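These numbers were taken from a predicted model, which means no experiment stands behind them.
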2 protein chains.
Amino acid sequence: MSRNNNQDLRDKLLQSARELLVSKGYRGFSLRQVARETGVSATSVYIYFENKDHLIHTLIEQSISELNERLEKVYGSLTDPEERLKGFAEAYVNYALEHPREYQIIYLASPEDMTRYPKEKFRKARRGYEFLTDTIKEAVRQDIFDEPYPRTAAYTFWAQLHGVMSVVLSKRLDTRIDQQEFIEQAISHILHGFQMRTALQQKPNI
Amino acid sequence: MSRNNNQDLRDKLLQSARELLVSKGYRGFSLRQVARETGVSATSVYIYFENKDHLIHTLIEQSISELNERLEKVYGSLTDPEERLKGFAEAYVNYALEHPREYQIIYLASPEDMTRYPKEKFRKARRGYEFLTDTIKEAVRQDIFDEPYPRTAAYTFWAQLHGVMSVVLSKRLDTRIDQQEFIEQAISHILHGFQMRTALQQKPNI
DNA sequence: AACAGTGGTTAACAGTGTTAACTAACAAAT
DNA sequence: ATTTGTTAGTTAACACTGTTAACCACTGTT
């Protein structure tokens, strides 16, 4: 157990870091604690990560990848655009509910940090958006949606979903509101917002 | 300038804290720095605030109040439910754009902190939701919307808006997407999601 | 056998939140 | 008028933190 320590320790550090971040949350997260947990000196972390931010950033990338894999699975298992869209929403919500802390990690990085990292690193993260953009484009092609800018629409979709889960996970929901109910209704609203708008835009009949 | 220092210094601390948080962001924010800036010893802060979290929390409350005031203004100046809803959205977005750091402060508090504070403190924060809930109820009364749970719908509305602004402010938007365009389209989608749904909602089950 | 590189160490610096112990100023009580 | 208690502030200290510099023990190469 000492040959290719190279990648070995790096992975162990990442795992300890993730566990700590998930169990103690962001506040109780420290490099030294990670090192302690891994049974290694604090400065060793700096051999594999430029600094604390970079370690966390790596964690974020991992989580984004896992989320994207789920989305890809949905994309591959469904063909109807509307079904896919709903599938995306559910996969997204489920990931957030199953891994709340990790989900929050993804959205943790503040803008000032982001700029310090190479922006290309987020290209991989955008894969999820591509699935979504494709789906919307397909829906437009099939005359199901009427979106002039599918990419913008894709970001709108994610943003709304993120808002919903953000509110849920940060426990800002009114206690009188049932969480499950809230999520379902929100998804329903979001999906509905994408349905043909031209016909309804004015005063609806009935 | 030394009589009722009581409230005086407290306010000065809050002001310094806000300036620091806005200029340096959350990372570069420290109690000691706040004290230094105010020209007072670090421990003085503990006379007026239980700890760092409580200080920040007070800042949050202030920002929420300011935001709520804007919403109240909208509520008072418009009567048509749909107009009001749109007005709320715009006021919300404008506040976020004009005071990005302060907006982010509002949504900074992580769930683990929240529980440490008396939940009632957020009652005042809920005023905004009440304006919105009222508006939706009124829309339902006028047969414009068809929302079985106006309160839930209100939270859905906020959540979606928050998601949109969160994405914008954390600079996660694809560089190819115009920010202004994105916001407008998102608002349009969100509002549309509230328009009459009965005719379209074929599959109500998740 | 000497060399450089790698992966790790310990020691130290500057900074943090927070607590404990103290002091100066002032109001009230005797 | 002196004692008392309270209040608003102080300094000193503790246990942390992220990060850097200097060092050390190995490895494989020449």
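Among residue pairs with one or both ends in residues 86-98 of chain B, those qualifying as salt bridge (charged side-chain N to carboxylate O under 4.0 Å, His left out) are B:R70-B:E98; sequence neighbours excluded. For residues 71-82 of chain A, the salt bridge (charged side-chain N to carboxylate O under 4.0 Å, His left out) pairs, not counting sequence neighbours, are A:E72-A:R127.
Within residues 32-39 of chain A, the residues that place at least one heavy atom under 4.0 Å from DNA chain C are, in residue-number order, A:R32.
End-to-end axis angle of the helix from C:dA1-D:dT30 to C:dT30-D:dA1, from C1' rotation axes over five pairs per end: 30° (rounded to 10 degrees).
Summarising the geometry, the separation between CG on A:L13 and C1' on C:dG7 is reported as 12 Å, rounded to the nearest angstrom. One atom, CZ of A:F49, and another, P of D:dT20, lie 16 Å apart when rounded to the nearest Å. Separating the CG atom of B:N51 from the C1' atom of C:dA20 is a distance of 17 Å, rounded to the nearest angstrom. One can place OH of A:Y48 at 12 Å from P of C:dT6, the figure rounded to the nearest angstrom. Rounded to whole Å, the distance from NZ on A:K52 to C1' on C:dT16 is 11 Å. Rounded to an integer number of Å, the gap from B:R10 CZ to D:dT7 P is 17 Å. Whole-Å rounding puts the B:L31 CG to C:dT19 P distance at 11 Å. Residue A:K24 contributes atom NZ, which lies 12 Å from atom P of D:dT17 at whole-angstrom precision.
The side-chain hydrogen bond (donor to acceptor under 3.5 Å, both in side chains) search around B:R151 returns none, not counting sequence neighbours. The ring pair (Phe, Tyr, Trp, His ring centres under 6.0 Å) test applied to B:F182 returns no partner, not counting sequence neighbours. In this structure, the side chain to side chain contact (heavy atoms under 4.5 Å, CB included) partners of B:P81, at least two apart in sequence or on a different chain, are B:T135, B:E138, B:A139, B:Q142, B:I144. Under the side-chain hydrogen bond (donor to acceptor under 3.5 Å, both in side chains) criterion, B:E130 pairs with no residue, sequence neighbours left out. Qualifying side chain to side chain contact (heavy atoms under 4.5 Å, CB included) partners for A:S65, counting only residues two or more places apart in sequence or in other chains: A:K124. Residues meeting the side-chain hydrogen bond (donor to acceptor under 3.5 Å, both in side chains) test with A:S166, sequence neighbours left out: B:H162. Partners of B:E19 under the side-chain hydrogen bond (donor to acceptor under 3.5 Å, both in side chains) rule, at least two apart in sequence or in another chain, are B:Q15.
Look at B:T43 and you won't find any side-chain N or O under 4.0 angstrom from OP1 or OP2 of D:dT10. Between B:S30 and C:dT16 there is a side-chain N or O to OP1 or OP2 distance below 4.0 Å. The phosphate of D:dA8 (OP1 or OP2) has no side-chain N or O of B:Y46 nearer than 4.0 angstrom.
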What one-letter contact string describes nucleotides 21-27 of chain C from 5' to 3', where B marks a base within less than 4.0 Å of any protein heavy atom, S marks contact via sugar-phosphate atoms alone, and - marks no contact?
-------

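Within the 6.0 Å centre-distance limit, the rings of A:Y103 and A:Y92 are counted as a close aromatic pair.
In this structure, A:D53 pairs ionically with B:R27, as a charged nitrogen and a carboxylate oxygen lie closer than 4.0 Å.
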